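Below: one structure, written as structure tokens.
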Amino acid sequence: MKLWDSPRSSFPYSFDEVVSAFWDRYPNSHAKHILSEDVLERQITDNTIVTKKLIIKQGSSILKRVPRWISRMTDIRVVPVIEESVYDRVSKKLVTYTRNVSHLSLFELHERCVYKPSEEQQLNHPALLTDVLRSVTVSIDCGRMSSVYEQVLLMGFKKSINNTTKGMFEKLEEKFGVRHLATEKMKLIKEKIIKSSTNLVTHVKCDEENEAV
């Protein structure tokens with residue numbers, strides 16, 4: 001199994017705005033691989049909203065990075081995933097868990113994200129930034145070559161996260177507009193976040209690095 005912890009990044013929008021965009025992020029022009037999105041369950045209390053969704057995705061380009069002669073993963077055309085999110089109004093956190101629910105004999109990919117008000121708020125705009133912390137685990141049971149396949153999938157995840165970030169920005173700007181106050185600074189923040197998302201996969205930890213091959 002491989003574990004990837006991304007460095008913290010921040011959206012230049014308030015926590016409530018980011019949560020609103022997250023729940024309404026599909027469709028967007030950077031997520032054309034999403035075929036459908038359905039709410040399976042939703043529980044609402046005074047302070048929390050717990051949601052379970054079924055999201056159907058086209059066969060990921062990530063899987064196609066594995067050479068066909070190595071694995072049957074390249075033949076996967078549709079990947080259904082379960083996304084569970086927990087919004088807590090008191091703690092000001094949105095925690096999401098996503099996992100594939102098919103092709104489990106070939107691979108398992110679990111993603112956890114935490115959205116919360118930034119720890120580095122701007123002095124003049126204390127509610128403007130929202131942090132995102134992301135971690136992913138990939139597990140493939142293919143004997144001694146498992147670690148190699150997992151590394152390939154994690155490398156492919158780089159492009160996926162870049163498009164996810166762009167899609168969120170698209171929805172945020174669509175719903176709340178581009179910030180007119182300090183617009184140039186916001187532009188630099190946005191470019192920095194998107195650029196950093198293309199390099200996240202360099203922060204990879206492997207449980208099998210010390211395993212003899």
Side-chain angles (χ1 to χ4, degrees), residues 2-35 37 51 53 55-58 60-65 79 81 83-87 92-100 109-122 125 127-138 153-179 182-204:
K2 288 187 183 295
L3 168 66
W4 159 35
D5 289 314
S6 75
R8 185 183 68 224
S9 60
S10 300
F11 287 104
Y13 290 84
S14 73
F15 173 72
D16 289 338
E17 290 171 336
V18 170
V19 170
S20 175
F22 173 83
W23 281 329
D24 190 34
R25 69 192 188 280
Y26 300 131
N28 68 71
S29 63
H30 300 282
K32 296 180 180 179
H33 63 296
I34 301 297
L35 300 177
E37 176 190 31
T51 304
K53 291 183 178 181
I55 301 175
I56 307 298
K57 303 181 179 183
Q58 284 184 336
S60 174
S61 59
I62 298 172
L63 302 177
K64 292 180 174 60
R65 289 174 178 266
V79 180
V81 303
E83 176 190 273
E84 297 173 280
S85 62
V86 181
Y87 164 74
K92 285 285 187 180
K93 281 187 179 180
L94 172 66
V95 183
T96 70
Y97 307 89
T98 307
R99 67 186 188 279
N100 64 299
L109 193 152
H110 293 199
E111 180 183 25
R112 179 179 185 269
C113 295
V114 179
Y115 299 80
K116 60 181 181 178
S118 179
E119 299 174 358
E120 300 178 359
Q121 301 288 6
Q122 295 181 353
H125 305 282
L128 190 60
L129 297 175
T130 300
D131 284 347
V132 183
L133 298 172
R134 188 186 309 272
S135 62
V136 175
T137 59
V138 176
L153 291 190
L154 281 176
M155 293 300 292
F157 214 83
K158 176 171 59 175
K159 181 177 179 180
S160 172
I161 298 305
N162 188 31
N163 285 335
T164 297
T165 302
K166 289 179 179 179
M168 278 291 290
F169 267 112
E170 179 178 301
K171 281 298 181 179
L172 285 163
E173 293 174 357
E174 178 184 296
K175 293 170 71 70
F176 306 107
V178 178
R179 301 299 183 188
T183 301
E184 287 303 316
K185 187 171 184 178
M186 292 300 174
K187 181 179 179 181
L188 291 175
I189 292 174
K190 174 182 175 181
E191 291 175 350
K192 181 179 179 181
I193 293 171
I194 293 176
K195 182 178 180 181
S196 67
S197 70
T198 65
N199 298 316
L200 295 180
V201 81
T202 60
H203 302 266
V204 172

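No hydrogens, no waters, no symmetry mates; every other heavy atom, side chains included, goes into these values. As the structure is a prediction and not an experimental result, all values here were calculated from the model.
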Side-chain ([X]) to main-chain ([Y]) donor-acceptor, under 3.5 angstrom:
X	Y	value
Glu170	His30	no
Asn100	Leu109	yes
Thr130	Ser14	yes

What pairs with [X] under side chain to side chain donor-acceptor pair (under 3.5 Å), at least two apart in sequence or on another chain?
X	value
Asp24	none
Arg99	Glu84
Ser85	none
Lys92	Asp16

Heavy-atom side-chain proximity of [X] to [Y] below 4.5 angstrom:
X	Y	result
Met168	Val18	yes
Arg25	Thr164	no
Thr51	Tyr87	no
Ile161	Glu111	yes
Cys113	Val95	no

Which heavy atom in Asn28 sits nearest to a heavy atom in Gly167, and how many Å separate them?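 Result for this residue pair: OD1-CA, 3.5 Å.
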So that I can tick it off, tell me whether Glu37 and Lys53 are bridged by a salt bridge, with the cut-off set at under 4.0 angstrom between side-chain N and carboxylate O.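 Salt bridge present between Lys53 and Glu37.
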Residues in side-chain contact (heavy atoms from CB on, under 4.5 Å) with Glu174, at least two apart?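 side-chain contact (heavy atoms from CB on, under 4.5 Å) check on Glu174 returns Lys171.
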Between Phe169 and Phe11, does the ring centroid distance fall short of 6.0 Å?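 So the answer is yes for these two rings.
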